[in-house]
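Down below is the structure, laid out as structure tokens.
Just the heavy atoms: all of them, side chains too, but no hydrogens, waters or symmetry mates, feed the values below. One-based numbering, in listed order, for ligands and for the atoms of each.
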Amino acid sequence: MALGKLRKAARVILVGPPGCGKGTQSGRLLDHFKLSSISSGDLLRQNVRAKTPLGVQAESIMKSGGLVHDSIMVKLIVGELSKRGWVETRGNMASGLCLTGPLSVISKPSAPAASDCPSASFLLDGFPRTQSQAKSLDEEVQMNLVVNLDVPHDVILERIAGRLVHEPSGRVYNTTWNKPMNPGVDDITGEPLTRRSDDQPETFAKRLKAYAEATEPLLEHYDKAGVLWTVRGKTSDEITPQLDAEIQRRFA
Ligand code: AMP
């Protein structure tokens, strides 16, 4: 379903505790507004699977439910943003122009890093998670909407108990709220669904605590920058229409 064409670039961050339905909202935004996205958790898991040096470093931290070091995360995300052409390395940027060819054709050393062209819209899911990551990101690109997904804790705990994922794509299901068409297999590929190892109750409680500690300053940071918007709801279906309307209001 295409809800609306964007008139200017939306650079959106989704912030919310693990299990709040970030993945679901991210998928729906991509579908409704034809955005592209980067999920920091998915990128890390890809690196872990491929046994890259970064993946090897991150694996034990992820298994224990801690946060991967800021410097690793910034390198990973900024590298991915540049790879996809959404930001240019400094000194080689062409912002504000809607180009059909590669941005690097034009070199404008003093321009900001992001284009306002709607096709340069993107969504970050899971990054930044700390104020320090946010500050590093600010140096590369100014995000223009930070969505704080506010879902009650009891709802989150219930959801995690039934969460299943299709690892290669990052598609998320739930045995109660969002069942796959056939039990235990992905709707699109028919491949098996798995439980995430960090969804075990003890690890999960640790992740919720780490989230709360790290996120408060992050939300303050974006509130000060005037780009924070909070949406409340118990289910993804309650949140989606509110989020769609806000994106339309700001960018369409
Ligand atoms: P997620 O899929 O977003 O829940 O992330 C899974 C795990 O990856 C987290 O529990 C962290 O260990 C790690 N991780 C993902 N994103 C970040 C980030 N921005 N900063 C630090 N660690 C992260």
request  = Give the contacting part of His69 toward ligand 1: side chain, backbone, both or neither, where contact means a heavy-atom distance below 4.0 Å.
outcome  = neither
ask   = In terms of atom number and element, which parts of ligand 1 are under 4.0 angstrom from non-hydrogen atoms of Leu44?
value = 8 (O), 13 (C), 14 (N), 15 (C), 23 (C)
key: atom 12 (O) of ligand 1: nearest protein contact (heavy atom, Å)   = Gly66 O, 2.6 Å
message = Can you see whether Ser132 engages Asp70 through a side-chain donor-acceptor pair at a distance of less than 3.5 angstrom?
response = yes
Protein heavy atom at shortest distance from atom 16 (N) of ligand 1 = Ser40 OG, 2.7 Å
Atom pair CD/CG of Glu80 and Leu43 - distance to nearest 0.5 Å = 4.5 Å
message = Go through it in stages, so that I can follow the logic: the residues are Val151 and Lys22, the test is side chain to side chain contact (heavy atoms under 4.5 Å, CB included), and I'd like the CA-CA distance, side-chain angles, deciding distance and then a yes or no.
response = CA-CA 10 Å; Val151 176; Lys22 262 198 330 266; over 6 Å; no
key: Cationic N near anionic O, under 4.0 Å, Lys234 to Asp154   = no
task = Only heavy atoms count here, so choose which of Arg129, Glu59, Lys206 is nearest to atom 1 (P) of ligand 1.
result = Arg129
message = With a heavy-atom distance limit of 4.0 Å, tell me whether Met62 approaches ligand 1 through its side chain, its backbone, both, or neither.
response = both
message = Looking at Lys224 and Glu220, is any side-chain nitrogen of the basic one under 4.0 Å from a carboxylate oxygen of the acidic one?
response = no
key: Heavy-atom donor-acceptor pair, Arg129 side chain to Gly126 backbone, under 3.5 Å   = yes
key: Atom indices of ligand 1 within 4.0 angstrom of Arg196 heavy atoms, with elements   = 1 (P), 2 (O), 4 (O), 6 (C)
ask   = Should Arg45 be counted as touching ligand 1, given the test is an N or O pair under 3.5 Å?
value = yes
ask   = Short list, please: which atoms of ligand 1 are under 4.0 Å from a heavy atom of Gln133?
value = 18 (C), 19 (N), 20 (N), 21 (C)
Polar proximity ligand 1 side, Val68 side, N/O cut 3.5 Å exclusive = yes
task = Would you mind checking if Lys135 and Asp138 are paired as a salt bridge, meaning a charged N to carboxylate O distance below 4.0 Å?
result = no
remark   = shortest atom 19 (N) of ligand 1-to-protein heavy-atom contact is with Gly126 O, 2.9 Å
request  = First locate atom CD of Gln57, then atom CE of Met62, and finally report the distance between them rounded to the nearest 0.5 Å.
outcome  = 13.0 Å
remark   = For Arg207, the ligand 1 atoms with a heavy-atom partner under 4.0 Å come out as 4 (O), 10 (O)
message = Regarding ligand 1, does Pro18 bring an N or O atom to under 3.5 Å of one of the ligand's N or O atoms?
response = no
query = Would you call Lys206 and Glu202 a salt bridge, using N to O less than 4.0 angstrom?
reply = no
